[in-house]
Every structure is written in structure tokens, then in C-alpha cells.
Amino acid sequence: MTSFKRISDAGNLTGKVALVRVDFNVPMENGLVTDDTRLRAAVATVQTLRTQGAKVALLSHFGRPKGERVAEMSLAPIAGAFAKVLGANVSFVADCKGEHVKKAIADLQPAGVILLENTRFCKGEEKGDLELARQIAALGDIFVNDAFSAAHRRHVTTAVLAEIMPAYAGINMEEELSALDKALGRPERPVMAIVGGAKVSSKIDLLKHLVTKVDALAIGGGMANTFLFARGHSVGKSLCERDLVDTAREIEAIAKASGCDIILPRDVVVAKEFKAHAAHRVCGLDEVADDEMILDAGPQSVAILATAMDVAKTVVWNGPLGAFELEPFDKATVSAAKAAAARTKAGKLIAVAGGGDTVAAMHHAGVADDLTFISTAGGAFLEWMEGKPLPGVDALRS
Ligand code: AMP
């Protein structure tokens, strides 16, 4: 973290233009923003830059227009939505490079804010094209990256701009990096990871990396079934990737060699149908009938997890422990989330959770405000958990 320049380091910016990469790729329906979390997240950085005297030109992608102008993917409707959240005027210009954009920025009042058009309308954006980067850089004096969620891409506005002009981490970016650093970079040990979700196949790299980094790895959700099956337990008609048995064994072997405890469910909740309120029962491993499927971890498993959390000083969590969208198969996820939240509130645990379904699960459990940090950056959060370099972050290092 110490190697990044912060916007407070930029000093007085009177008369300067800050190009700010935000993530305004927000969910929309009928031209209206249905979740303004990402708009609200941008306010701190924008206001700070305005206070320092800068004009602010906002850059963002929206959807996947693949270098073409696609009317439905214009950022035009977002300008008004962001103005409301910001409490200030936000103008819009239908391009992100060129003389007319430069003029629109020049015409802004001091501390004015303008949103530029979807950067992915430009062919070079996703290729990290240097010529496009130079054209965009010509619009401003400094570059601020506040979009951690796009930092796993080496695009012009997520990384290359930071390489060719004075660059700073925005407040959001800084918060995210400092939380992630606490969770896996330089964590207080023991550190425990909780990984759930549907399939091992989508998280092989993540599991292989984590077992070399953490002291304990609790595996839940559908992916635990593959590990249980690999250990010789019956899983009935559960979601289970039988072709990944060797991968599961390999992960267990890496864990053993690295001194990482693997925590698997000891009891499970089974049902014959994959639907909410399906008839169900709690049973031990090896008591799963051929026509039953495991849809959640059982109470004994949750108790073991809670005990492990008593030992841990840090928890990093991705993926639900069961089919949490279907009640009552949300129980293990909700109970474990509450256990993490209680320990965090008591100052005994640093708990960081992230990834799309995980954010939804934490909200569902009512603990979204009680954990140390929740990352809404899906892909970037997972790639960070996999230990992969994030080009957008690396480009900011001074
Ligand atoms: P992921 O996107 O990999 O994090 O997976 C999240 C999905 O896994 C959620 O939709 C859960 O319903 C699903 N899931 C978790 N546990 C199970 C399970 N035991 N059987 C089937 N699906 C599950």
C-alpha cells in the first residue's frame, strides 16, 4: 500500500483536470439505475478532487460494446443519476477523446464534473492501445484510478493511462487495497479462508493458491461434495464434479505440504429436490441416499467453523456454503456469516468477503455492515484471491 500515490499527495489542483477512472457499469432497467452502489462509491474521490480545486472528467466502461458505438450502452443516462448522488451538476460528452471533449472540459466551471462516453466504444480501450491512451491523456493533467473492480484488466483506462501520466489511487481503490492487504497480503495469523459456491472447476486456481497462503481452508457449498467424494464419501445425486477427483486430491496434498488444514463439512443437509422448502433432513457423511442431494452444511459443521473462527485472527471468504437462495438451505451460510460478524464486531476478527454471490449472501444474512470489508469487485477480487497480478494496481505503484 505504501508504494501508491494518494490523491492527497496531488496537493493543490486549481486549474488542473483530473481524469478519474470509475466503475459506472451499474445495473439498469428501462434507462434507470437499479442499484447505485457504484455511483455512491465514486463520491468521496470526486469530492476530494473538487475540494483540491480540480475539474473532474470521469471515465468508465459500460457493458461489452466491443469497440462499437452501441446506443443502449451509452453512459449518457448515468450522468443525471450520478449528479443526484453527488449533489452537483454533472455534464456529459458523447466521446472520450478529441478536441470537442477537450473543449467541453475547458468549458466546465472550476470544480466542475463531466462524464465522458463509454470508453469501450473506442476500439483500442480493451487492447491497451498506446495511441488511444495518449489521446485520452491529452485531456487531463493527472490520472486517478478508483475502479478496483476493473483492475484485473490491462485496458487503456484501467492501466495504461497510469503508465504515461502522473497517477494516483482514488479513495475507493485505496480502501479496497488496504482491506485486501490486511486479509491476505500481510494478514494477522492464523488466517482462515472460507470458499464455497457451486463448482471446484471455476475455482481451481483460487484453491491451489489459497492453500499455500492460509492456515486453514474451509470448503463448503457444492464444491465440498467433490472433495467429500474424493475422500470416499457417498454424495448421492449431489452436484459433484467426479472428473475433478484428482484435482481435489492434489489440492489436499498441496495443503498438507503447506501446513494448511482443510475443513470439510462433517454433517450435511440433504433433500430429494432442488427447490425452496423441499423436504429435507440432516445426516452424517455416508448417510446420503442415492436419490438425495447435499444442499447445505449441517449444524455440526457450522459449529466447527465457528470454533475455527475463534482461533483465526483473519477470515477471507468467497462463495456460499449451500444453495443459499433456497430457504432453508441458506442456514449454514447465514449462521457462519453471523458468527464472523459477531467476532468482527467484538474486535476479535478481521473479516473480508467478496465476489458477486458472496455479497448477496452477506446482505441476505444481514451482516453486510458488520464485516471489516466487503468487496463488490467480482472478477478482480477472485483474481486477487488467485494470487494473480492485477495490471491496474501494478500500474499505480510508484
Ligand atoms: P459460485 O458462483 O461458484 O460462488 O456459486 C454460487 C452458487 O452455488 C449459488 O447459486 C448456490 O446456490 C450454489 N450452491 C452452493 N452450494 C450448493 C449445493 N450444495 N448444491 C448446489 N448448488 C449449490
Side-chain angles (χ1 to χ4, degrees), residues 149 152 193-210 217-231 233-242 244 247-248 251 263-302 305 315-337 352-365 374-386:
S149 49
H152 54 316
I194 302 175
V195 179
K199 291 179 169 181
V200 175
S201 52
S202 60
K203 294 185 188 169
I204 295 175
D205 289 346
L206 182 146
L207 293 167
K208 281 187 179 168
H209 176 66
L210 280 181
L217 169 67
I219 302 174
M223 69 166 64
N225 302 338
T226 303
F227 282 83
L228 293 173
F229 182 71
R231 284 189 182 185
H233 298 293
S234 60
V235 295
K237 59 169 188 166
S238 303
L239 175 64
C240 174
E241 293 168 289
R242 287 172 166 76
L244 288 185
T247 305
I251 291 166
I263 304 171
L264 282 173
R266 296 276 180 87
D267 59 345
V268 289
V269 183
V270 294
K272 290 185 179 169
E273 291 171 289
F274 188 80
K275 66 171 198 195
H277 307 293
H280 57 279
R281 68 186 183 103
V282 174
C283 71
L285 305 176
D286 297 323
E287 291 168 12
V288 182
D290 287 348
D291 62 347
E292 287 178 323
M293 62 186 113
I294 301 170
L295 291 184
D296 201 9
Q300 200 196 334
S301 309
V302 176
L305 256 187
V315 163
V316 51
W317 185 341
N318 170 263
L321 300 178
F324 80 104
E325 303 94 333
L326 312 174
E327 282 184 34
F329 308 110
D330 58 342
K331 258 196 185 154
T333 305
V334 169
S335 307
V352 173
D357 272 319
T358 316
V359 179
M362 297 302 143
H363 280 285
H364 174 71
I374 293 199
S375 173
T376 52
F381 183 83
L382 287 178
E383 291 200 19
W384 163 80
M385 271 184 106
E386 289 167 6

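All values reported here derive from a predicted model rather than from experimental measurement. The first residue of the sequence shown is numbered 1, and numbering continues consecutively from there. For ligands, and for the atoms within them, numbers begin at 1 and follow the listed sequence. As a basis for the values below, the full set of heavy atoms in this structure was taken, side chains included, without hydrogen atoms, waters or symmetry mates.
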Quick test: of every protein heavy atom, which one is nearest to atom 6 (C) of ligand 1, and how far off is it to 0.1 Å?
D357 OD2, 3.2 Å
Are there over 12 heavy-atom neighbours, none belonging to D286, within less than 6.0 Å of that residue's CG?
yes
Looking only at protein heavy atoms, identify the closest one to atom 15 (C) of ligand 1 and say how far it is in Å.
G322 O, 3.1 Å
Of the protein's non-hydrogen atoms, which lies at the shortest distance from atom 11 (C) of ligand 1, and what is that distance?
E325 OE1, 3.5 Å
Going from CG on N318 to CG on D357, what distance comes out if it is rounded to the nearest 0.5 angstrom?
8.5 Å
If you count the non-hydrogen atoms of other residues, nucleotides and ligands that lie under 6.0 Å from NZ in K237, is the total more than 12?
yes
Say you draw a straight line from CE of M362 to CD1 of I374; how long is it, rounded to the nearest 0.5 Å?
6.5 Å
If you scan protein heavy atoms around atom 4 (O) of ligand 1, the nearest is K203 NZ, 3.1 Å
If we only consider heavy atoms of F274, is any one of them less than 4.0 Å away from an atom in ligand 1?
yes
How many angstroms lie between atom OG of S201 and atom CE of M223, to the nearest 0.5 angstrom?
8.0 Å
Identify, by atom number and element, the atoms of ligand 1 in contact range of G197, meaning under 4.0 Å from any of its heavy atoms.
1 (P), 3 (O), 4 (O), 5 (O), 6 (C), 8 (O)
For ligand 1, indicate whether the residue I294 contacts it via side chain, backbone, both or neither (heavy-atom separation under 4.0 Å).
backbone
Aromatic ring centroids of F381 and H152 under 6.0 Å?
no
Just to confirm my output: which protein heavy-atom neighbour is closest to atom 17 (C) of ligand 1, and how far is it?
G222 N, 3.3 Å
Quick one: nearest non-hydrogen protein atom to atom 3 (O) of ligand 1, plus distance?
A198 N, 3.2 Å
To the closest 0.5 Å, what do you measure between CG (L264) and CG (N225)?
10.0 Å
